[in-house]
Amino acid sequence: MARGINTKCLHLEEEEGCCNNYGSISFPIYQTATYEHPAVGQSTGFDYSRLQNPTREHLEKIVATLENGIDALAFSTGMAAITLAMELFKPGDHLIVDADLYGGSIRLFDNVSTKNGLQFSRIDCWKEDVESYVNENTKAIYIETPTNPMMNVTDIAALAEIAKRHNLLLIVDNTFLSPYFQNPLDLGADIVVHSGTKFLGGHNDTLAGFLVTNREDISGKLRFLIKTTGSGLAPFDSWLILRGIKTLGIRMERAQKNAFQIAEWLKKQKAVTRVIYPGLPEHPGHEIMKKQARGFGSMLTFQLESKEFALSILEKVRMIKFAESLGGVETLITYPTTQTHADVPKEIRERNGITEATLRLSVGIEDAQDLLDEFEKVFAETEEELHGRKKS
Ligand SMILES: *Cc1c(COP(=O)(O)O)cnc(C)c1O
């Protein structure tokens, strides 16, 4: 019988019952660059840590089971993973990519992949006719759902059908929901991307990235590329991510619970013109998410009445940290305009709806009341400073 995801975060079924590693409950950190060979032509299975390392391999197997893939590869960062995925393509290949993506992915496509001869159509995959952008050079569709930071939701299964019809790879960056809430491979995707820095690691203390696939041919190509280019995750970082994953389920559930409370609170604020959280029934992607995911996550974006109001919040928060990144136990508030999406050209930002009054929140696992208390205080002080009005 297939195990539940919380169990899969802790235990690797295939390695059970064979007291390896002296019975160590915590998987050891194999801090080694190279491995002794028993004899000429023989190997322990490990030859050199750029190719593979036992700690990294254990992590990769766990992540593969979480995404229901046949193989997962662990990278030094999420961007290293995405960069490697782009090596699957050759000059002249065309990719359809979602318009609203993590800023670093847009920067990569615009400045590095384009230089390498790849061509991109940037469209709103959640609402446009994706098929009409397919041409004879199109090789892949690349999306996030929900997107960063506008939380647009794309129907993965519907897109997978288009991809299959035209023999395209469907690549889904699943960072925002983690495998705990969504498994794109089950819905027809070919490759899942994760920034392991975020929910998988979960503690804002290390960087990592993953590519997961359920196709033998893709796994083979990626394995060749990772050993050749050398962006695999280091042993100690692999161990930190393994440790983070152990509590993935309870962190995701609790952060989501907090996010719902904060979304409801934000909705009631005069200074907030829009709350974008897919867990709210009025979110345009709410029904699709109910169909394709097991939860809504803990990322939300909100628009303030003015840039001044947004900046004041960023200056006043104390426990809530004004910082980039997301998916950790600590609540972080981000200003996409100057942080995550600073290198995205202004017209694209504006087209996507990111303004100077947009804030993104990664809700952590603090007591919800303490988060609300801080927001109450920060909003009240800002109201008074900007409008001279006391908040009722
Ligand atoms: C952070 C992030 C990345 C990049 O990952 P790094 O680990 O920072 O390199 C990619 N995609 C999404 C959705 C992200 O949030």
Side-chain angles (χ1 to χ4, degrees), residues 56 59 63 67 72-86 95 97-113 122 125-126 142-154 156 171-182 184 189 191-212 226 229 231-234 237-238 240-241 244-245 252 255 276 278 293 296-301 323-328 330 332-336 339-344 352 354 358-364:
R56 190 175 100 208
L59 168 64
V63 172
E67 282 291 10
L73 296 89
F75 296 87
S76 55
T77 65
M79 287 320 301
I82 300 168
T83 302
L84 196 94
M86 290 302 116
L95 286 84
V97 300
D98 201 275
D100 188 42
L101 292 176
Y102 174 69
S105 304
I106 297 178
R107 183 172 55 210
L108 174 76
F109 299 158
D110 280 2
N111 297 288
V112 181
S113 310
R122 191 168 9 224
C125 291
W126 58 284
Y142 185 103
I143 63 162
E144 296 172 8
T145 178
T147 61
N148 181 356
M150 297 312 285
M151 310 302 294
N152 299 319
V153 174
T154 297
I156 299 173
I171 306 173
V172 179
D173 183 335
N174 199 29
T175 298
F176 263 36
L177 288 182
S178 91
Y180 184 75
F181 281 139
Q182 182 169 270
I191 299 176
V192 165
V193 175
H194 279 287
S195 169
T197 313
K198 315 294 168 55
F199 289 102
L200 288 168
H203 292 74
N204 290 320
D205 58 8
T206 193
L207 303 175
F210 294 93
L211 296 177
V212 195
I226 195 173
T229 59
S231 48
L233 191 62
D237 289 0
S238 297
L240 281 173
I241 302 293
I245 287 173
M252 296 301 295
I276 314 172
F296 302 97
S298 45
M299 295 300 300
L300 61 90
T301 294
E324 315 205 15
S325 202
L326 62 107
E330 295 93 359
L332 304 183
I333 193 162
T334 304
Y335 195 42
Q339 293 184 308
T340 50
H341 291 68
D343 284 347
V344 176
N352 292 347
I354 304 171
T358 305
L359 295 180
R360 190 191 76 185
L361 194 66
S362 170
V363 181

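In what follows, residues are counted from 1 in the order of the sequence shown. This structure is a prediction, so every number in the text was calculated from the model and none was measured. Only this structure's heavy atoms are used, side chains among them; waters, hydrogens and symmetry mates stay out. All ligand and atom numbering here is 1-based and tracks the order in the structure.
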State, with a plain yes or no, whether a side-chain heavy atom of Val112 is found less than 4.5 Å away from one of Thr83.
no
What's the shortest heavy-atom distance between Gln339 and Ile333, and which atoms?
OE1-O, 4.4 Å
Mind checking whether Phe109 and Tyr142 have ring centres under 6.0 Å apart?
yes
Test side-chain contact (heavy atoms from CB on, under 4.5 Å) applied to Thr145 and Asp98, Asn152, Ile156, the passing residue
Ile156
Side-chain contact, heavy-atom cut-off 4.5 Å: Phe296 with Met151?
no
Please give the N or O to N or O pairs under 3.5 Å between ligand 1 and the protein, distances rounded to 0.1 Å.
residue: ligand 1; atom: 5 (O); partner: Ser195; partner atom: OG; Å: 3.0
residue: ligand 1; atom: 7 (O); partner: Gly78; partner atom: N; Å: 2.9
residue: ligand 1; atom: 7 (O); partner: Ser195; partner atom: OG; Å: 2.8
residue: ligand 1; atom: 7 (O); partner: Thr197; partner atom: OG1; Å: 2.6
residue: ligand 1; atom: 9 (O); partner: Gly78; partner atom: N; Å: 3.0
residue: ligand 1; atom: 9 (O); partner: Met79; partner atom: N; Å: 2.9
residue: ligand 1; atom: 11 (N); partner: Asp173; partner atom: OD2; Å: 2.6
residue: ligand 1; atom: 15 (O); partner: Lys198; partner atom: NZ; Å: 2.8

Find out whether Thr175 and Tyr102 are in side-chain contact, i.e. whether some heavy atom of one side chain is under 4.5 Å from a heavy atom of the other.
no
